[in-house]
Protein chains: 2
Amino acid sequence: MATTMGRRERKKAQTRRALSNAALRLFSEHGYDGVTVAQIADEADVSIATLFAHVPDGKEALIFDDGAERHVWLVAAIRDRPSGQSVLEALRRCLASRGPFTEDLPPDLRRKRDLIVGTPALREYSRKLWIAGEGALAAAIAAESGRDPADMTVRALARYVLEIPELAGTEADPLAAMNAIFDLLESGWPTSPMDARRDPT
Amino acid sequence: MATTMGRRERKKAQTRRALSNAALRLFSEHGYDGVTVAQIADEADVSIATLFAHVPDGKEALIFDDGAERHVWLVAAIRDRPSGQSVLEALRRCLASRGPFTEDLPPDLRRKRDLIVGTPALREYSRKLWIAGEGALAAAIAAESGRDPADMTVRALARYVLEIPELAGTEADPLAAMNAIFDLLESGWPTSPMDARRDPT
DNA sequence: CTAAGAAACTATAATCACTATAGTTTCAGA
DNA sequence: TCTGAAACTATAGTGATTATAGTTTCTTAG
């Protein structure tokens with residue numbers, strides 16, 4: 001194996017990057033629906049067939065990294081949390097520093113995030129990628145809480161945590177929104193104050 | 001206005017029903033991906049253009065009722081709940097009696113439900129329809145709890161409740177799974193037992 | 001009763017994402 | 001250096017969805 005990994009794989013990564021860049025540039029300029037995959041392939045100087053060989057999930061996947069490294073952060077955040085910190089607290093802090101919740105980003109990443117948040121198709125695909133990590137996250141949570149990873153409670157918590165970016169991402173203050181949701185997940189929905197609240201006509 | 005609503009609208013509803021029936025029959029027989037919209041249009045004896053005039057959301061929408069009457073049940077369940085019953089309890093009971101959670105269904109509805117649960121595209125679209133009611137459900141919850149309908153906590157709860165069918169629908173015992181999730185939403189994730197659970201190497 | 005006019009419908013053609021095929025070039029490794 | 005796999009290409013096709021332009025069918029105001 002060569003210095004990095006052989007010329008072949010280097011070239012492959014290069015065309016993949018060319019596709020990402022072309023797609024991001026064109027999407028930013030003309031909007032997601034205003035660009036055809038043919039134009040993107042052209043801009044990246046590859047054939048359409050090659051484009052789809054690189055992005056089997058289709059047009060939306062073009063500007064996302066292939067890897068499943070999204071939930072790796074979250075799993076690591078749980079496993080490496082400081083002593084005495086709850087699982088949810090670890091997840092809260094981890095999410096707060098990534099994705100749509102931090103304001104200090106390089107302008108290119110900011111533009112990319114805005115594009116995703118502002119384009120339904122991309123937002124949905126982003127959610128799909130997140131949700132794909134549900135099993136891994138559930139396993140991590142189960143490991144720390146001594147439950148079965150297939151326990152529906154664990155799976156539901158994992159799912160609900162992973163939904164947070166899409167849910168809070170469009171709010172005026174995404175960070176505050178995220179914290180509100182975590183509070184809900186930690187404490188549950190307050191049942192008492194409204195139990196008797198029925199207005200008889 | 002005539003007896004029911006004029007021959008025109010009656011015929012319109014008739015073709016819509018013909019499309020639904022054709023789609024359901026063909027999907028059941030050959031699977032969702034094994035049927036083209038052209039075949040469905042043929043079976044219903046209309047043109048493809050007419051098919052799409054009736055189902056603007058596309059192929060997946062064919063077997064679903066157009067109406068937004070899904071969440072109406074939930075909103076009504078909240079508003080009409082017996083005195084002293086919490087909002088979540090009302091939602092729990094309402095969901096338990098509908099959708100994938102009840103076992104005694106006429107065989108045709110059962111087949112339809114199995115088709116939806118077993119077809120990713122249909123499951124996703126079903127979720128989309130549910131989620132579309134998020135605003136209405138949030139409004140109902142807010143009205144009963146004296147909060148702002150735009151409060152992120154309210155929106156999150158609404159969203160999480162609406163996700164339950166997709167989340168619990170594929171479980172071995174959907175009803176038990178649903179109850180577990182409601183318990184989580186009511187009580188929150190138990191933080192205490194695992195706070196100190198850190199294994200120092 | 002009748003004449004607009006709207007609504008539903010039709011055939012046709014086009015666009016676009018995506019797949020399949022078969023062949024070519026290029027790298028990796030024995 | 002030879003061989004096979006991987007990446008790439010052009011080409012053609014499928015299938016969903018939309019646009020266009022025109023036809024039939026109900027509705028309803030006059």
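Every chain is numbered from 1 and lettered A, B, ... according to where its sequence line falls, protein lines coming before strand lines.
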Next item on the list: Check every strand shown and say whether D57(B) touches a base, only sugar-phosphate, or nothing at a heavy-atom separation below 4.0 Å.
Entry: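 Nothing: the residue D57(B), judged by heavy atoms under 4.0 Å, touches no strand.
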Check: Is any side-chain nitrogen or oxygen of H54(A) closer than 4.0 Å to OP1 or OP2 of dA7(D)?
Finding: no
Notebook entry, point to check: Can a side chain N or O of T50(A) be found less than 4.0 Å away from OP1 or OP2 on dC8(D)?
Noted result: no
Note to self: Closer than 3.5 angstrom, by distance alone: can the side chain of S187(B) be matched with the main-chain N or O of S187(A) as a donor-acceptor pair?
What the structure shows: no
Next item on the list: Could you pick out which residue, E9(B) or F52(B), lies toward the 5' side of DNA chain D when each is mapped onto its nearest nucleotide?
Entry: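 Checking each residue's closest nucleotide, the 5'-ward one belongs to F52(B).
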Margin query: Quick check on DNA chain D: between E60(B) and R8(B), whose nearest nucleotide comes earlier from the 5' end?
Written below: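 That would be E60(B).
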How many whole angstroms separate atom [atom1] of [X] from atom [atom2] of [N]?
X	N	atom1	atom2	result
L51(A)	dT19(C)	CG	P	11 Å
R7(A)	dT25(C)	CZ	C1'	14 Å
I48(A)	dT11(D)	CD1	C1'	11 Å

Between [X] and [Y] (salt bridge meaning N to carboxylate O under 4.0 Å), is one present in this structure?
X	Y	value
E163(A)	R159(A)	yes
R92(A)	E89(A)	yes
E60(B)	K128(B)	no

Item checked: Neighbours of DNA chain D within residues 12-44 of chain B, by heavy-atom distance under 4.0 Å -> V35(B), T36(B), V37(B)
Note to self: Pair R93(A), S97(A) - check side-chain hydrogen bond (donor to acceptor under 3.5 Å, both in side chains), show working.
What the structure shows: CA-CA 7 Å; R93(A) 285 168 194 267; S97(A) 64; over 6 Å; no
Item checked: Closest-nucleotide ordering on DNA chain C, the 5'-leading residue of K59(A) and K11(B) ->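 Checking each residue's closest nucleotide, the 5'-ward one belongs to K11(B).
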Item checked: Nearest heavy-atom neighbours spanning L162(B) and G133(B) -> CD1-C, 3.9 Å
